[in-house]
**Student:** 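Sharing a structure, written as structure tokens. Questions coming.
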Amino acid sequence: MRYKSQSVAYWYFAVALSLFGLQLVFGLLSATKYLGPDPLLYILPFDVTKVIHTNLLIVWVLCGFMGATYWMVPDESRTELHSTKLAYIQLVLWVLMGVTAIVGYLFRWGTGNKLLEQPLPHKIVIVIVMLMFLYNVGMTIKKSGRLTTTEGVLLGGLGLAAVLYLPALLHYENYTVSIYYRWWTIHLWVEGVWEMIQGGFLAYLLIRLSGADREVMEKWLYVIVGLVFIAGILGTAHHYYWIGVPAYWLPIGGVFSALEPVALVGMAMYAYSTIKRSGVAHPNKLALHWTVGSAVFTLFGAGLLGLAHTFPSVNKWTHGTLITAMHGHAAFYGAYVMIVLAMISYAMPGLSRRPEQGTAMGYWSFWLQLGGMFGMTLSFATAGIAQVYLERIMGLGFLDAQLKIQIHFVMLLATGSMFAIGVALFIIDFFRFAPRLGALEEGDPAAPLPRAQPA
């Protein structure tokens, strides 16, 4: 840890991982409801557990992004954070917003707008927190007088993510209009500006872990940003197919959705080629596993599986089925969960007493999560294909079809449990090492070298 203020990141990571664990509890609870009588039907029905599961994902990933930024920006700008006090106040507000939102969902307090169910007071708190965050990061960079391209792309992604949240503050009585503008936030986050955030973290980690040339990495970032803006924005159209908008969105969605994986291919290619060419063996191989894994799994989940069902001629059969869950789980995990876990793994030796090369528990966590998520993806895929055939070709009712595909939910629960064990190991591995609490240790290899004094 080069700067004392970077220790702020530890508490953001701690909150993010705690919420990640809670998200898995509600995810497994949702999966078990497919397997038979539900004793919690009138206490925690499926719609409530699913809302909490999906919203916790958004909250903890954003919390991870904030923590990773508070670690990365001082390191890139070569200066202390502008205000650690502001960062802690921001974290407290974020936790209060998240906890009260979850309690509210239990009592059906929400807007009903999928992934944006937060009531208006919570949305206002989210805006305030994002403004505090961007101000703190912006003032840190201004104070240093140094802005790298990696920082610029990251900051651009974070700033645009805040701007694109504004449509979520508005309420529309017309359902089609409401759904139309909802994707201005959700799609342009997860298939747009969040990819800029991922690209910024990915470039930072590859420069640090592989010794890659900064200039080359940053040129790749320009390519990724360009592809995100070209394909990502117009690719929003693949959410418009069946909500009552004009038919001209069909070809736009088909063409530009097909171009969206190009940026993801670029990420995976430059991650692999950088590691292969550099020949540098960084001791933190665990962070390298997560970094390269994020690039490759993003190509698989967000790229290939997304492309597999976004063409209109295919999507008319798969829309609203478990095929969507297949793509959603793999895409979110590869692109955003893994990059946050990569940043945590990279920062942990500086933030705590964890050995830099990682631990056996850390590697077990990596492979169990990877295997579990791949198994969950296959379970959703096979269940979704069977569902499409039974419901939309054979004409069976929803409940009749669900009875015939229950075996796939047994597989889902088994592989989901495997994934949950991997996450539990990561969380245990994080908390079992005492934090450094902002104190640079004497002889710390990450601490800045003393400046040379004139003779």
Side-chain angles (χ1 to χ4, degrees), residues 34 50 54 57 113-116 167 174-192 194-195 227-265 297-336 373 376-398 401-402 404-405 408-409 412:
Y34 282 93
K50 181 178 179 292
T54 52
L57 171 64
N113 202 2
K114 186 180 176 185
L115 296 174
L116 296 172
N174 185 291
Y175 181 73
T176 296
V177 174
S178 176
I179 294 298
Y180 183 89
Y181 286 115
R182 176 164 69 90
W183 293 116
W184 283 30
T185 297
I186 299 302
H187 172 90
L188 292 175
W189 265 6
V190 302
E191 296 177 66
W194 279 23
E195 287 185 16
L227 289 169
V228 163
F229 277 96
I230 292 170
I233 292 175
L234 289 173
T236 311
H238 70 240
H239 297 291
Y240 295 163
Y241 293 160
W242 323 118
I243 65 170
V245 297
Y248 59 73
W249 285 111
L250 290 169
I252 294 174
V255 171
F256 286 96
S257 293
L259 294 177
E260 282 185 38
V262 176
L264 310 175
V265 171
F297 213 89
T298 298
L299 173 60
F300 167 68
L304 298 180
L305 295 184
L307 182 62
H309 83 120
T310 52
F311 281 111
S313 57
V314 176
N315 192 259
K316 70 179 181 181
W317 300 103
T318 62
H319 186 82
T321 68
L322 292 164
I323 296 292
T324 306
M326 166 202 75
H327 165 54
H329 280 74
F332 254 102
Y333 179 71
Y336 307 121
M373 181 53 67
M376 288 166 64
T377 303
L378 290 180
S379 301
F380 277 123
T382 51
I385 292 168
Q387 182 187 12
V388 169
Y389 181 77
L390 292 171
E391 288 182 17
R392 299 185 174 177
I393 296 177
M394 297 294 292
L396 263 68
F398 175 79
Q402 292 300 310
K404 294 185 181 299
I405 61 175
H408 298 295
F409 290 103
L412 177 66

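The residues of the chain are indexed from 1 along the displayed sequence.
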**Student:** Is there a side-chain contact between Leu188 and Trp183 in this structure, where contact means two heavy atoms from C-beta onward sitting under 4.5 Å apart?
**Tutor:**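 No, every pair of side-chain atoms sits at 4.5 Å or beyond.
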**Student:** Angle class for the Trp194/Trp189 ring planes (parallel below 30°, perpendicular above 60°, tilted otherwise)?
**Tutor:**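 Because their plane-to-plane angle is under 30°, the rings of Trp194 and Trp189 count as parallel.
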**Student:** Could you tell me if the side chain of Ile323 sits less than 4.5 Å from the side chain of Trp317, heavy atoms only?
**Tutor:**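 No - every pair of side-chain heavy atoms lies 4.5 Å or more apart.
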**Student:** Let me confirm one number: the CG-CG distance from Leu307 to Leu259, rounded to the nearest 0.5 Å.
**Tutor:**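 Leu307 CG to Leu259 CG: 9.5 Å, rounded to 0.5 Å.
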**Student:** With distance as the sole test, does Asn113 use its side chain to make a donor-acceptor pair with the main-chain N or O of Leu116 at under 3.5 Å?
**Tutor:**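 No: the side chain of Asn113 does not pair with the backbone of Leu116.
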**Student:** Check the orientation of His239 and His187. Use parallel for under 30°, tilted for 30 to 60°, and perpendicular for over 60°.
**Tutor:**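 Judged by the thresholds at 30° and 60°, the geometry between His239 and His187 is perpendicular.
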**Student:** If you measure from CD1 on Ile233 to CZ on Phe256, what distance do you get to the nearest 0.5 Å?
**Tutor:**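 Interatomic distance, Ile233 CD1 to Phe256 CZ, rounded to 0.5 Å: 10.5 Å.
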**Student:** Atom NE2 in His327, atom OG1 in Thr318: separation rounded to 0.5 Å?
**Tutor:**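 If we round to the nearest 0.5 Å, His327:NE2 and Thr318:OG1 are 10.5 Å apart.
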**Student:** Evaluate the side-chain proximity of Leu250 to Trp242: yes if any heavy-atom separation is below 4.5 Å, no if none is.
**Tutor:**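 Result yes, sub-4.5 Å side-chain heavy-atom pair found.
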**Student:** Grab the two heavy atoms, one from Met326 and one from Ala381, that are nearest each other, plus how far apart they are.
**Tutor:**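 Scanning both residues completely, I find the closest heavy atoms to be SD-CB, 3.4 Å.
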**Student:** Tell me the closest heavy-atom pair linking Val314 and Ala308, and the distance in Å.
**Tutor:**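 Of all heavy-atom pairs spanning Val314 and Ala308, the closest is CG1-O, 3.6 Å.
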**Student:** Rounded to the nearest 0.5 Å, what separates atom CG in Asn315 from atom OG1 in Thr321?
**Tutor:**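 It is 8.5 Å, given to the nearest 0.5 Å.
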**Student:** So, for Gly303 and Pro261, which heavy atoms are closest and what is the spacing to 0.1 Å?
**Tutor:**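 The answer is O-CG, 3.6 Å.
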**Student:** Taking the side chain as C-beta and beyond, is there a heavy-atom pair between His408 and Leu322 under 4.5 Å?
**Tutor:**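 With C-beta onward as the side chain, the pair stays apart.
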**Student:** Under 4.5 Å between any side-chain heavy atoms of His238 and Phe311, yes or no?
**Tutor:**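 Contact flag for His238/Phe311 side chains = no.
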**Student:** Do any N or O atoms from the side chain of Arg182 and from the backbone of Lys114 form a donor-acceptor pair under 3.5 angstrom?
**Tutor:**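 Yes; judged by distance alone, with no hydrogens or angles, the pair exists.
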**Student:** Taking the ring of His319 and the ring of Tyr241, is the distance between their centroids below 6.0 Å?
**Tutor:**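 Judged by ring-centre distance (under 6.0 Å), Tyr241 and His319 do not meet the cut-off.
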**Student:** Given 3.5 Å as the limit, does a donor-acceptor pair link the side chain of Glu391 with the main chain of Ala401, or not?
**Tutor:**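 Answer holds: no.
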**Student:** Could you measure the distance from the OG atom of Ser379 to the CD1 atom of Ile405? Nearest 0.5 Å is fine.
**Tutor:**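 With rounding to 0.5 Å, OG (Ser379) is 11.5 Å from CD1 (Ile405).
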**Student:** With the side chain counted from C-beta on, respond yes when Tyr336 and Leu57 share a heavy-atom pair under 4.5 Å apart, and no when they do not.
**Tutor:**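 No - every pair of side-chain heavy atoms lies 4.5 Å or more apart.
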**Student:** Would you call Gln387 and Gln402 a side-chain contact if the rule is heavy atoms closer than 4.5 Å?
**Tutor:**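 The answer is yes; the side chains approach within 4.5 Å.
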**Student:** Assign the ring pair Trp184 / Tyr180 to parallel, tilted or perpendicular, where the plane angle (0 to 90°) is split at 30° and 60°.
**Tutor:**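 Because their plane-to-plane angle lies in the 30° to 60° range, the rings of Trp184 and Tyr180 count as tilted.
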**Student:** Would you say that Tyr333 contacts Thr377 through its side chain, given a criterion of any heavy-atom pair below 4.5 Å between the two side chains?
**Tutor:**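 Not touching, per the 4.5 Å side-chain cut-off.
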**Student:** What's the separation between atom NZ in Lys50 and atom OG1 in Thr54, rounded to the nearest 0.5 Å?
**Tutor:**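 Going from NZ on Lys50 over to OG1 on Thr54, the span is 5.0 Å.
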